[in-house]
Amino acid sequence: MKHASSTDLERDRFFNAYPYLIIGFSLTVFCVPAFFILPSGDDWSTSQPIYVFTLDLLRPHTFWRPFEELLLVVVGWNAAWHPGLLHLAAILGHAASTLLIFWIAKIVTGSSKKSVVAAVLFAVFPSNAAAVWSVDSAIQTFSTSFGLLALYILVSYRSLSSVLLAGACCLVAALWKESGIAWLVAAPAFAAVVKDLKFANSSFPVYRNLLFQLVVALLLLAIYFFLRGVLALDHAFGPGSGRYALQMNPWLWLESSIMLLGIAITATDTIALFKDENYIVAALSFLITIPLLIWLLLTARGSSKKHLALIALALAALLSPHVVIGQVSEMYAHPVTAGAIVSTLLIINTKPVDNKLVPVIVSLTIVLASFVSAHKWFEMHETGLRAAAVANRIEAHYEVGGFPGVVCTIQDKTNSGRPYSVLYMDAPIASGYGRSVLPRSGWELPYQITRAQDVVSCPKNAEDIWYITLDGDVLFLGDQ
């Protein structure tokens, strides 16, 4: 029998004694920098404070996200809370998700050390950067946290009430962000693997229990769409065309799945992918995770085919909401990364880890992934500064309260067709094409900002026209 060394025992005692200290430190290092990131891109439209509460806010429009609307109502109590309160909300959702991964890992592995490592890996992994640091991303982190809460309930309890409570958590996840509905399938699938491992030598009917949970999930799904249809003000299931339309193209589904899964399970520097001079950085950041993935694939050979099929089902469910609309973004990776961490725990729990290289590989992955996250933060910070520069230059042209009723902005056409990351944008896009001036007047300026391709395309009622260049310079083109 092989005995653990004194160093190993000391290390285990440290993880057993201070798990929350280690996780808390990791979350602090990763999350606090969010408060230094300014809004950018569509944050100017999706995160505007709401000053007047009406019940219509809670009804479905193009989307059905009542908890997001309520959060913006709270921000509306004091516009100065923007964006700090929204950053805090996103961080709380990520922290809750991280703690739930730790608790689920404890149930799966029974090891504090493995559980802490899993939680820390999720806490600082660069695929979570967009969801944690973006101003309008609380919807994603809270959706993930309620999905993980559903999984935690299912693996901790076996009563009918626990199944219904877990289902309710999945519905709450969907009411934060529609893609949360995927947890109705993902949570029972993951839970079935956990229970099969826990009750392998008992008479507990794991797969009959899974079938019952999926039937309940189907009923809850029907209730969700029925309510959405009844309460909808315009259309119940999102737009039938445009950016969020269903894409009935299997090749697009496959491409989107590979991209989203790649973002979620590798430490690829997605910012470097969008900057021509940084392809080498992108390649190196991708290679960081390859040894860990190879080890996991080799380890998976020791898992049963039933377990691997259920893990694949759960991951497919988490991928599906964004895959079927052909929309892949860094922000969407948060729940998939959580699912990947849970999948990893289930795979390694079926086979003892004796290889001394594994802790080294995992440690290097965490350290190097932290460097990628740091680079992403720097670029997001710079993006916010570009937006602020545009706002400063436009605002400097007017006296306080002297803004016109309608402003038209024209952006540098050289960015036409140029790809950009959620975390990396040029000045016109980062500033919301000039909407970044809104917070300067408490978001309550009685004017409208539109954008056009050229002066001729500006609306006739536009009183002033601005030209925004890629580097953030703004040129006043006069009034109509």
Side-chain angles (χ1 to χ4, degrees), residues 20 23-37 39 43 46-47 49 63-75 81-105 118-153 166 168-184 186-187 263-264 318 321-322 329-342 373 376-377 380 422-423:
Y20 295 106
I23 295 170
F25 175 77
S26 303
L27 283 170
T28 300
V29 170
F30 188 79
C31 294
V32 168
F35 290 105
F36 298 92
I37 292 175
D43 295 343
T46 58
S47 69
F63 302 108
W64 192 18
R65 301 171 181 176
F67 289 110
E68 179 184 31
E69 304 288 349
L70 291 174
L71 177 60
L72 294 177
V73 168
V74 174
V75 176
W81 292 349
H82 187 286
L85 184 61
L86 296 176
H87 279 310
L88 178 61
I91 289 170
L92 290 176
H94 183 59
S97 300
T98 303
L99 286 174
L100 283 161
I101 282 189
F102 172 70
W103 295 333
I104 292 167
V120 169
L121 192 60
F122 179 76
V124 304
F125 210 63
S127 60
N128 291 326
V132 179
W133 296 336
S134 296
V135 171
D136 62 343
S137 60
I139 56 174
Q140 187 65 82
T141 60
F142 272 109
S143 179
T144 301
S145 66
F146 276 97
L148 289 170
L149 179 59
L151 174 56
Y152 176 73
I153 291 170
C169 288
C170 293
L171 291 182
V172 172
L175 293 177
W176 271 105
K177 193 171 190 290
E178 292 82 357
S179 57
I181 204 73
W183 287 101
L184 281 171
I263 291 171
L318 293 175
H322 297 291
S329 167
E330 291 98 327
M331 192 179 296
Y332 307 154
H334 196 258
V336 182
T337 302
I341 295 285
V342 173
S373 294
K376 286 188 171 186
W377 178 86
M380 284 190 76
V422 169
L423 317 179

Asks: For the atom pair CG (Leu149) and CD1 (Ile104), what is the distance rounded to the nearest 0.5 Å?
Replies: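 The distance works out to 8.5 Å.
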
Asks: Hey, what's the ring geometry for Trp176 with Phe67, parallel, tilted or perpendicular (30° and 60° as the breaks)?
Replies: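 Geometry flag for Phe67 against Trp176: parallel rings.
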
Asks: Is there side-chain contact between Glu178 and Pro321, with heavy atoms separated by less than 4.5 Å?
Replies: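 No; the side chains remain at least 4.5 Å from each other.
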
Asks: Specify the closest pair of heavy atoms between Glu68 and Thr46, including all atoms of both residues, with the distance to one decimal.
Replies: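 Minimum heavy-atom contact is OE2-O, 3.7 Å.
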
Asks: If you round to the nearest 0.5 Å, how far is CG of Asp43 from NE2 of His82?
Replies: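 Between His82 NE2 and Asp43 CG, I get 7.0 Å after rounding to 0.5 Å.
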
Asks: Within a 6.0 Å radius of atom CZ on Phe25, are there more than 12 heavy atoms belonging to other residues, nucleotides or ligands?
Replies: no

Asks: Looking at Glu330 and Ile263, would you say the former's side chain and the latter's main chain have a donor-acceptor pair under 3.5 Å?
Replies: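 Between the backbone of Ile263 and the side chain of Glu330 there is no qualifying donor-acceptor contact (under 3.5 Å).
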
Asks: Checking His322 side chain against Ser179 main chain: does a donor-acceptor pair fall under 3.5 Å?
Replies: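 No; zero donor-acceptor contacts below 3.5 Å.
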
Asks: Just do the side-chain contact (heavy atoms from CB on, under 4.5 Å) check on Leu86 and Trp81 with the steps written out, would you?
Replies: CA-CA 8 Å; Leu86 296 176; Trp81 292 349; over 6 Å; no

Asks: Looking at every heavy atom in both Ala187 and Leu151, which two are closest together, and how far apart are they?
Replies: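 Closest heavy-atom pair between Ala187 and Leu151: O-CD1, 3.5 Å.
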
Asks: Check Trp133 against Ala34 and note the closest heavy-atom contact, atom names and distance.
Replies: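 Taking every non-hydrogen atom into account, CD1-CB, 3.4 Å.
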
Asks: At their closest point, which heavy atom of Ala338 faces which heavy atom of Leu148, and how far apart are they?
Replies: CB-CD1, 4.1 Å

Asks: Only pairs under 3.5 Å count here: list side-chain donor-acceptor contacts from residues 120-128, not counting sequence neighbours, and write none if there are none.
Replies:
from	atom 1	to	atom 2	distance (Å)
Ser127	OG	Thr337	OG1	2.8
Asn128	ND2	Phe122	O	2.7

Asks: Check the pair Val32, Leu27 against side-chain contact (heavy atoms from CB on, under 4.5 Å), reporting the backbone distance first and the verdict last.
Replies: CA-CA 8 Å; Val32 168; Leu27 283 170; over 6 Å; no

Asks: Could you tell me which non-hydrogen atom of Thr141 sits nearest to which non-hydrogen atom of Ala131, and how far apart they are?
Replies: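 Heavy-atom minimum between the residues: CG2-O, 3.5 Å.
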
Asks: Measuring from atom CD1 of Ile91 to atom CZ of Phe30, what distance do you get when rounded to the nearest 0.5 angstrom?
Replies: 10.0 Å

Asks: Would you call His87 and Cys31 a side-chain contact if the rule is heavy atoms closer than 4.5 Å?
Replies: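 Of all side-chain heavy-atom pairs linking Cys31 with His87, none is under 4.5 Å.
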
Asks: Closest approach of Lys177 and Ile139, non-hydrogen atoms and distance?
Replies: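 Shortest heavy-atom separation between Lys177 and Ile139 comes out as CB-O, 3.8 Å.
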
Asks: Between Trp183 and Phe146, is there a side-chain heavy-atom distance shorter than 4.5 Å?
Replies: no

Asks: I need the full list of side chain to side chain donor-acceptor pair (under 3.5 Å) pairs touching residues 142-153, with sequence neighbours left out, sorted by first then second residue.
Replies: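 Listed once each, the pairs are Thr144-His334.
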
